[in-house]
> 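Pasting a structure below so you can have a look.
The sequence lines fix the lettering, A, B, ..., with proteins before strands; numbering per chain opens at 1.
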Amino acid sequence: MMKIRSIRGMNDLLPDQSPLWQYLEETVQGLLARYGYREIRFPVLEQTELFKRSIGEVTDIVEKEMYTFLDRNGESLTLRPEGTAGCVRACEQGGLLNQAQRLWYRGPMFRYERPQKGRLRQFHQFGAEVFGLEGPDVDAEMLVMTHRLWQELGLASHVHLEINSLGTADDRARYRAALVSWLRERSDRLDEDSRRRLDSNPLRILDSKHPDTQALLADAPRLSQHLGDESVEHFRRLRALLDAAGVDYQVNERLVRGLDYYGKTVFEWVTGSLGAQGTVCAGGRYDGLVEQLGGKPTPAVGFGLGIERLVLLLDAAQAVPDSIARQVDAYLVGVGDVQAAVFTTAERLRTLCPVLRLQTHCGGGSFKSQMKKADRSAAALALIVGEDEAAAGTVTVKDLRGERPQQTLPVDEAAALINNTNP
RNA sequence: GCGGUUGUAGCUCAGUUGGUUAGAGCGCAGGAUUGUGGCUCCUGAGGUCGCGGGUUCGAUCCCCGUCAGCCACCCCA
């Protein structure tokens with residue numbers, strides 16, 4: 001019989017990897033909480049229309065990368081390709097947008113793409129969104145916060161920040177017209193993909209990887225010269241705040257981002273250590289989106305952070321903390337016919353040592369093999385209950401990693417010892 | 001959707017210019033050591049050589065197809 005495999009690009013997280021994910025998730029969540037962000041959860045599945053209206057009809061995400069299918073009643077549904085649209089929908093529906101909100105979420109996103117390093121069909125993101133604040137102070141706060149994250153994760157030397165301003169919708173429309181007419185006169189020098197984008201999404205031509213196209217663009221009209229006073233001032237103040245906070249950045253005029261709803265501030269944290277998919281965290285301002293989805297005009301900024309990419313980067317940067325290797329603090333073994341005593345001892349210890357991660361050996365086997373398992377578990381302590389201990393109500397505490405001598409103590413005293421010595 | 005590359009043990013990989021029982025290291029299980037793990041030594045389990053077809057006396061090896069993984073393009077976190 002044919003074995004069933006997981007769907008392409010949808011990976012399992014096996015237990016050897018999950019401690020690293022937990023470490024990362026706890027670090028990020030802790031940081032968000034320290035900046036006053038609150039968690040929001042919303043479905044993985046939404047009406048297709050939501051994504052078409054927010055991401056943009058002619059973006060690649062909507063055109064060819066969405067997991068879309070018909071529900072039993074004929075309604076078109078889509079597995080979320082990103083979080084912002086659903087977050088806005090949920091906030092609007094939940095009546096949250098009549099005041100400022102700092103929110104975060106985490107979970108799987110889905111895009112029908114060819115998998116490669118750092119890119120999966122089901123991938124996982126943290127998202128943070130702020131509503132009701134015009135910035136640029138919150139824009140800067142987000143960058144200061146993510147900057148702190150890299151420091152806490154030990155990745156500060158592996159990422160750099162690129163920022164740009166896309167201006168207001170009007171600024172962009174004027175620039176788009178100027179760029180398109182300029183490029184059209186030289187369309188014979190454009191690569192095929194870029195020529196196609198002339199009609200669909202001309203700004204994306206700016207960050208084409210094609211060398212000839214990049215060379216051509218050197219003389220093209222510049223977005224920065226089409227920004228209105230408001231956008232220029234917003235960007236200037238953002239840079240001043242970053243300077244004051246000591247956050248290094250590069251202004252990248254070619255940084256345009258792929259989703260239609262961005263305007264004014266856009267940014268990417270990029271690493272060179274991950275191959276072709278070097279963007280680890282990216283986002284920007286989207287002041288028009290809430291209104292576009294039927295709400296009141298509401299300024300907003302947000303970013304997404306790719307968990308898989310961050311896990312890869314932690315490995316590449318050798319920034320995985322040693323502490324996650326130990327998932328069990330103590331391993332309790334039983335010698336002889338002492339099963340009842342094993343359980344009562346273990347339960348007593350779990351009551352008296354509430355933070356102790358205590359694994360009891362099950363499945364029998366020789367004392368020697370049980371000790372071997374205790375060692376392999378990476379536990380710091382082996383706890384031994386033999387016939388003698390069972391009869392006396394004691395337990396033997398053996399330090400597997402350090403120099404402390406082995407001791408046989410009444411269970412309550414052993415618990416006190418463990419509480420005093422175990423981290 | 002296009003291109004490149006790789007599929008041999010749980011993992012990392014040897015191997016055969018086509019020839020009997022396909023190997024190693026790590027891991028796993030047991031033992032040397034009947035209440036003490038790690039180090040050492042011994043033993044053992046574990047393989048449709050991705051799948052299907054073809055050539056051949058004979059294919060893990062050669063040919064064709066197919067599937068999957070990886071990397072890259074496009075795009076994005």
> Quickly work out the A/F367 CZ to B/U34 C1' distance and round it to whole Å.
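About 12 Å, once rounded to whole Å.
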> Please report the distance separating the P of B/G3 from the corresponding atom of B/G65, rounded so that it comes out in whole Å.
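Rounded to whole Å, the distance is 13 Å.
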> Roughly how many Å is it from CH2 in A/W21 to C1' in B/A77, rounded to a whole number?
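To the nearest whole Å, that distance equals 11 Å.
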> Considering every strand and a 4.0 Å limit on heavy-atom distances, what is the contact class for A/R8: base, sugar-phosphate, or nothing?
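Sugar-phosphate only.
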> Looking across every strand, which nucleic acid part, if any, lies under 4.0 Å from A/K398 by heavy atom: base, sugar-phosphate, or nothing?
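Since a base atom lies under 4.0 Å of A/K398, the category is base.
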> Have a look at A/A282 and say if it touches a base, only the backbone sugar-phosphate, or nothing, with a 4.0 Å heavy-atom cut-off.
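Sugar-phosphate, no base atom in range.
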> Taking OP1 and OP2 of B/G1, is either one under 4.0 Å from a side-chain nitrogen or oxygen of A/R114?
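For B/G1, OP1/OP2 do not have a side-chain N/O of A/R114 under 4.0 Å.
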> Has A/Q116 got a side-chain N or O lying under 4.0 Å from the OP1 or OP2 atom of B/C73?
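The answer is yes; a side-chain N or O of A/Q116 sits under 4.0 Å from OP1 or OP2.
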> Round to the nearest Å and state the distance from A/D16 atom CG to B/C28 atom P.
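Distance, rounded to whole Å: 12 Å.
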> 5'-most contact on RNA chain B: A/S6 or A/R309, nearest heavy atom basis?
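Its nearest nucleotide lies further toward 5', so the answer is A/S6.
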> Rounded to whole angstrom, note down the P distance from B/G38 over to B/U33.
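Between the two P atoms, the distance is 14 Å.
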> Looking at A/E268 and A/R257, does any basic side-chain N land under 4.0 Å from a carboxylate oxygen?
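Salt bridge flag = yes for A/R257 with A/E268.
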> With both distances under 3.5 angstrom, what nucleotide forms a Watson-Crick or G-U wobble pair with B/C41?
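Partner of B/C41: B/G31.
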> Could you please name the partner base of B/U55, counting Watson-Crick and G-U wobble pairs only when both distances are under 3.5 Å?
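Matched B/U55 with nothing under the 3.5 Å cut-off.
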> If you measure from the P atom in B/A24 to the same atom in B/U66, how many Å do you get, rounded?
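Result for the P pair: 37 Å, nearest Å.
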> Roughly how many Å apart are B/U8 and B/U60, using the P atom of each and rounding to a whole number?
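Result for the P pair: 15 Å, nearest Å.
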> For A/R401, report the nucleic acid contact type (base, sugar-phosphate, nothing); a contact means any heavy atom under 4.0 Å.
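Base, at least one base heavy atom under 4.0 Å.
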> Between A/K264 and A/D171, does any NZ, NE, NH1 or NH2 come within less than 4.0 Å of an OD or OE carboxylate oxygen?
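Salt bridge flag = no for A/K264 with A/D171.
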> Determine whether any donor atom in the side chain of A/Q406 lies under 3.5 Å from an acceptor atom in the base of B/U36, or the reverse, and answer yes or no.
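Looking at the base of B/U36, it does pair with a donor or acceptor on the side chain of A/Q406 (distance under 3.5 Å).
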> Quick check on RNA chain B: between A/Q125 and A/K117, whose nearest nucleotide comes earlier from the 5' end?
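Nearest-nucleotide comparison on RNA chain B picks A/K117.
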> Determine the Euclidean distance between corresponding C1' atoms of B/C49 and B/G23; express it in Å to zero decimal places.
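Nearest-Å result for B/G23 against B/C49 at atom C1': 12 Å.
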> If the threshold is 4.0 Å, N to carboxylate O, is there a salt bridge linking A/E49 and A/K52?
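Salt bridge absent between A/E49 and A/K52.
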> Under 4.0 angstrom, heavy atoms only, what part of the nucleic acid is A/G275 near: base, sugar-phosphate, or nothing?
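The residue A/G275 makes sugar-phosphate contact but no base contact.
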> Mind checking if A/L120 touches a base, just sugar-phosphate, or nothing, with heavy atoms under 4.0 Å?
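Contact class for A/L120: base.
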> Base, sugar-phosphate alone, or nothing: which one does A/L310 contact when heavy atoms must sit under 4.0 Å apart?
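No contact at all - A/L310 keeps every heavy atom at 4.0 Å or more from the nucleic acid.
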> Return no unless some side-chain N or O of A/K373 is found under 4.0 Å from OP1 or OP2 of B/A29.
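For A/K373, the contact criterion (side-chain N or O under 4.0 Å from OP1 or OP2 of B/A29) is met.
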> Whole angstrom is fine here: how far is it from CE in A/M10 over to P in B/G69?
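For the pair A/M10 CE and B/G69 P, the rounded distance is 12 Å.
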> Quick one: sort the A/H124 and A/W21 rings into parallel, tilted or perpendicular, breaks at 30° and 60°.
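Rings of A/H124 and A/W21: perpendicular, over 60°.
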> Would you mind reading off the distance between A/L149 atom CG and B/A77 atom P, rounded to a whole angstrom?
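Rounded to whole Å, this separation is 17 Å.
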> Which part of the nucleic acid, if any, lies within contact of A/E82, taking any heavy atom under 4.0 Å across all strands shown: a base, the sugar-phosphate backbone alone, or nothing?
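Contact class for A/E82: none.
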> Within the 4.0 Å heavy-atom criterion, would you say A/E387 contacts the bases, only the backbone, or no part of the nucleic acid?
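Answer is base: heavy atoms of A/E387 come under 4.0 Å of a base.
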> Establish whether the base of B/G35 is bridged to the side chain of A/E389 by a donor-acceptor pair shorter than 3.5 Å.
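Yes.
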> Assess A/R102 against A/W104: is NZ or CZ under 6.0 Å from the centre of the six-membered ring, and within 45 degrees of the ring's axis?
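Here A/R102 fails the 6.0 Å and 45° test against A/W104.
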> Can you measure A/Q122 atom CD to B/A77 atom P for me and round it to whole angstrom units?
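It works out to 17 Å between those atoms.
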> Any side-chain N or O of A/R376 under 4.0 Å from OP1/OP2 of B/C28?
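Yes, A/R376 has a side-chain N/O under 4.0 Å of OP1/OP2 on B/C28.
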> For atom C1', what is the distance between B/A32 and B/U21, given to the nearest Å?
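To the nearest whole Å, 29 Å.
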> Inspect the contact between A/R239 and A/D139 and indicate whether a charged nitrogen and a carboxylate oxygen are less than 4.0 angstrom apart.
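No, this pair does not count.
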> Counting only Watson-Crick or G-U wobble pairs whose two distances fall under 3.5 Å, which nucleotide matches B/A24?
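In the structure as shown, B/A24 has B/U12 as its Watson-Crick or wobble partner.
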> Figure out the NZ/P separation between A/K372 and B/G27, and round it to whole Å.
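Result: 9 Å.
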> How far, in whole Å, is B/G10 from B/C51 if one measures between their P atoms?
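The same atom, P, in both gives a distance of 13 Å.
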> Return the value, rounded to whole Å, for the distance between atom CD of A/Q359 and atom P of B/G37.
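Distance, rounded to whole Å: 19 Å.
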> Base, sugar-phosphate, or nothing for A/V280, non-hydrogen atoms under 4.0 angstrom?
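Sugar-phosphate contact only.
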> Using the ring of A/Y105 (Phe, Tyr or Trp, six-membered ring only), decide whether A/R41 places NZ or CZ under 6.0 Å from its centre and within 45 degrees of its axis.
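No, cation not above the ring by the 6.0 Å, 45° rule.
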> What interatomic distance, in whole Å, is found between P of B/U17 and the corresponding atom of B/C63?
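So the two P atoms sit 15 Å from each other.
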> Do you know which two heavy atoms are closest between A/L241 and A/A140, and how far apart they sit?
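Smallest heavy-atom distance, with atoms named: CB-CB, 3.7 Å.
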